[in-house]
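Everything on this sheet refers to the single structure shown next.
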Amino acid sequence: MKIVNSKRPFHTLKIFIAALLFGASYSYGQPSLPTRSIEVTATQALQFGTFALTGAAGGSVVVGYDGSRAATGSIAILGISPYAQPAIFEVKLLQGRNVHLDFSPTTTLQGSDGGSLILHIGPTEKGTNGAFFSTNNNREFTTLLRVGGTLDIPGNAIPGTYTGTFFITFNQE
């Protein structure tokens, strides 16, 4: 009768598992550092929501960077879609870096059925045109910038959907 050493495969298995665990500890690495250049992505458009002109005086609709909405003059805010929302930009840059905002204070929106409206851009949650802010200290190296605005509506405004663009320059300091 032959006796088989049953302990040998067990030791081999332990050594194999230890080798796997040792190798696995080297499979983790540090996350890659973000680029030193600034990256900006527009993730949400500025919307003034649905409203109606109720008189000949006109007025304005204000959307705050916090998403609040108010109206002046003969403007009635309606609670139907589309709803008001601030513009949101994601700024990716190493933490603690300073960013300078530069934008034109107004732009013109064109109506779907003719006409135009003036949009006053800002303020942003980081300040007005020319403001500086520091980027956040977080794992994603992302700082959100919310932007509000004021839309001037004259008493003779043509009903419709008004669209346009505005540009913000983000300068890394």
Side-chain angles (χ1 to χ4, degrees), residues 29-54 58-154 157-173:
Q30 293 182 348
S32 61
L33 292 175
T35 63
R36 292 186 182 271
S37 60
I38 191 168
E39 293 178 21
V40 179
T41 306
T43 59
Q44 180 172 289
L46 176 60
Q47 295 274 352
F48 286 88
T50 306
F51 54 87
L53 185 60
T54 60
S60 61
V61 177
V62 178
V63 172
Y65 62 80
D66 60 356
S68 61
R69 182 168 71 153
T72 64
S74 53
I75 305 293
I77 293 176
L78 304 176
I80 58 175
S81 179
Y83 301 104
Q85 64 186 25
I88 298 178
F89 297 89
E90 285 185 354
V91 181
K92 289 191 178 189
L93 183 62
L94 290 172
Q95 66 234 19
R97 299 292 175 115
N98 288 326
V99 177
H100 177 247
L101 296 176
D102 185 28
F103 54 89
S104 175
T106 62
T107 190
T108 302
L109 306 181
Q110 298 301 318
S112 57
D113 294 325
S116 62
L117 301 176
I118 300 296
L119 165 63
H120 300 273
I121 302 160
T124 75
E125 68 183 308
K126 306 294 185 186
T128 59
N129 186 29
F132 286 87
F133 67 92
S134 293
T135 54
N136 291 343
N137 185 11
N138 62 33
R139 288 185 66 198
E140 288 79 35
F141 302 100
T142 301
T143 303
L144 295 181
L145 177 72
R146 293 173 182 85
V147 180
T150 301
L151 188 61
D152 290 336
I153 299 111
I158 299 170
T161 300
Y162 288 79
T163 59
T165 57
F166 64 90
F167 298 93
I168 297 180
T169 303
F170 297 82
N171 292 310
Q172 175 182 336
E173 299 288 322

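Quick caveat: nothing in here was measured; it's all calculated off a predicted structure. Residues take their numbers from the sequence shown, with the count starting at 1.
With values rounded to the nearest 0.5 angstrom, Gln44 atom CD is found 10.0 Å from Leu144 atom CG. Expressed to the nearest 0.5 Å, how far CG of Leu145 lies from CZ of Phe170 amounts to 5.0 Å. With rounding to the nearest 0.5 Å, the separation of OG1 in Thr135 from CD in Gln95 is 7.0 Å. Atoms OH and CD1, from Tyr162 and Ile118 in turn, are 11.5 Å apart once rounded to the nearest 0.5 Å. Atom CD1 of Ile153 and atom CD1 of Ile158 lie 13.5 Å apart (nearest 0.5 Å). Interatomic distance, Glu39 CD to Phe141 CZ, rounded to the nearest 0.5 Å: 12.0 Å.
In this structure, Thr124 contributes its side chain and Lys126 its backbone to a donor-acceptor pair below 3.5 Å. A donor-acceptor pair is defined here as one N or O able to donate and one able to accept, closer than 3.5 Å; such a pair exists between the side chain of Arg69 and the backbone of Phe48.
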Begin from the C-alpha positions of Leu119 and Ile121 and carry the test side-chain contact (heavy atoms from CB on, under 4.5 Å) through to its verdict.
-> CA-CA 6 Å; Leu119 165 63; Ile121 302 160; 4.2 Å; yes
Hey, mind stepping through Gln47 and Val63 against side-chain contact (heavy atoms from CB on, under 4.5 Å) and telling me if it holds?
-> CA-CA 8 Å; Gln47 295 274 352; Val63 172; over 6 Å; no
Applying side-chain contact (heavy atoms from CB on, under 4.5 Å), run through Val147 and Phe103 and close with a yes or a no.
-> CA-CA 11 Å; Val147 180; Phe103 54 89; 6.0 Å; no
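The side chain to side chain donor-acceptor pair (under 3.5 Å) pairs that include a residue from residues 98-113 are Asn98-Ser134, where partners are two or more places apart or lie in different chains. Pairs of residues two or more places apart, or lying in two chains, never qualify as salt bridge (Lys or Arg N to Asp or Glu O under 4.0 Å) while including a residue from residues 158-173.
For Pro159, there are no side-chain contact (heavy atoms from CB on, under 4.5 Å) partners at least two apart in sequence or on another chain. Scored by the side chain to side chain donor-acceptor pair (under 3.5 Å) test, Ser60 finds Thr72 as partners (sequence neighbours excluded). Qualifying salt bridge (charged side-chain N to carboxylate O under 4.0 Å, His left out) partners for Glu125, counting only residues two or more places apart in sequence or in other chains: Arg146.
For the pair Pro123 and Thr128, the tightest heavy-atom approach, listed with the atom from each and the gap, is CB-CG2, 4.2 Å.
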Review item, side-chain donor-acceptor pairs of residues 74-89, under 3.5 Å, at least two apart:
from, atom 1, to, atom 2, distance (Å)
Ser74, OG, Gly55, O, 3.3
Ser74, OG, Gly58, N, 3.1
Ser74, OG, Gly58, O, 3.2
Gln85, NE2, Ala45, O, 2.9

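Other residues, nucleotides and ligands place no more than 12 heavy atoms under 6.0 Å from the OH atom of Tyr65.
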